[in-house]
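In this text the structure is predicted, and so the values were computed from the model without any measurement.
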Amino acid sequence: MLTSLPLGKMASQQQPVGPMSQQGLQQAASLQQQQQQQLSQQQDFDPVHRFKMLIPQLKESLQNVMKIASLNLAHNTSIDNGIKSSDTSVQRFDKSLEEFYALCDQLELCLRLAYECLSQSIDSAKHSPNLVPTATKPDTVQTESMSYAQYLGMIKSQISCAKDIHNALLECSKKIAGKAQPQGIM
């Protein structure tokens, strides 16, 4: 309780209120602001986050398209029935529809990018080796690490796959070069 402490002890336990504490607060505020900026930049590049941010805009755009379509339909109906003349202006349906399609295209790109990221992540996890434990640091061995024999087997399979790709590319280049030479001889 504060009432049981002497006045001198209570004053010594308070935070300093000089320029040092203000500098610390300013540094902490600037650090927090930098972290928020980094987080927002990461979220801008994240296709899933961008998709989630575009969904409300798409809903609003769809509502706008439907509203403009209904207004235009009502306006055209009244003109057809002879109630109104065509002098009054109505909102352009094609512009609102174009906006809706643009948002749909952005969403499609986000989904394709997210799918590519997922595929790349799966392929990376499938084809890249896990850590191999070293004898110098036995305390840092992870549960997902593989034995050295497993590591060698994976590397050998990767080398053979790279050789197969290299040979296929050489064979294709020879076929292309072979087809180009007879035309030059004639």
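The pair E116-R112 does not meet the salt-bridge criterion, since no charged nitrogen lies less than 4.0 angstrom from a carboxylate oxygen. Residues K95 and E99 are not paired through a salt bridge, judged by the lack of any N-O separation under 4.0 Å between the basic side chain and the carboxylate.
To the nearest 0.5 angstrom, N64 atom CG is 7.5 Å from E60 atom CD. Atoms CG and NZ, on D46 and K52 in that order, are 8.5 Å from each other to the nearest 0.5 Å. The line from CG of N167 to SG of C172 is 11.0 Å long, rounded to the nearest 0.5 Å. Once rounded to the nearest 0.5 Å, the distance linking SG of C117 with CD1 of I122 reads 11.5 Å. For the atom pair CG of L73 and CG of D80, the computed distance is 9.5 Å after rounding to the nearest 0.5 Å. Annotation: the span from E98 atom CD to L103 atom CG amounts to 10.5 Å, rounded to 0.5 Å.
Checking H49, Q106, K59 one by one against L54, the side-chain contact (heavy atoms from CB on, under 4.5 Å) holds for a single residue, Q106.
Y101 and V65 fall within a single hydrophobic cluster, where Ile, Leu, Val, Met, Phe, Trp and Tyr are joined by side-chain heavy atoms under 4.5 Å apart, directly or via other members. Placement of I68 and L62 within a single hydrophobic cluster is found when ILVMFWY residues are connected by side-chain heavy-atom separations under 4.5 Å, directly or transitively. Taking hydrophobic clusters as Ile, Leu, Val, Met, Phe, Trp and Tyr residues chained together by side-chain heavy-atom distances below 4.5 Å, M66 shares a cluster with L97. One hydrophobic cluster, built from ILVMFWY side chains closer than 4.5 Å, cannot hold both I165 and L170; they sit in different ones. A continuous path of hydrophobic side-chain contacts links M154 to L152 [ILVMFWY only; heavy atoms under 4.5 Å].
In this structure, the side chain of N72 engages the main chain of Q91 through a donor-acceptor pair within 3.5 Å.
Listed here is the closest heavy atom pair of P47 and C110: CB-O, 3.4 Å. Heavy atoms only, all atoms of each residue included: S96 and S61 are closest at O-OG, 4.2 Å.
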Exercise. Would L107 and I55 count as a side chain to side chain contact (heavy atoms under 4.5 Å, CB included) if you check the C-alpha gap in whole Å, the side-chain angles of each, and the deciding distance to 0.1 Å?
Worked result: CA-CA 8 Å; L107 287 169; I55 289 294; 4.2 Å; yes
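Enclosure of atom CZ in F93 by more than 12 non-hydrogen atoms of other residues, nucleotides or ligands within 6.0 angstrom is indicated.
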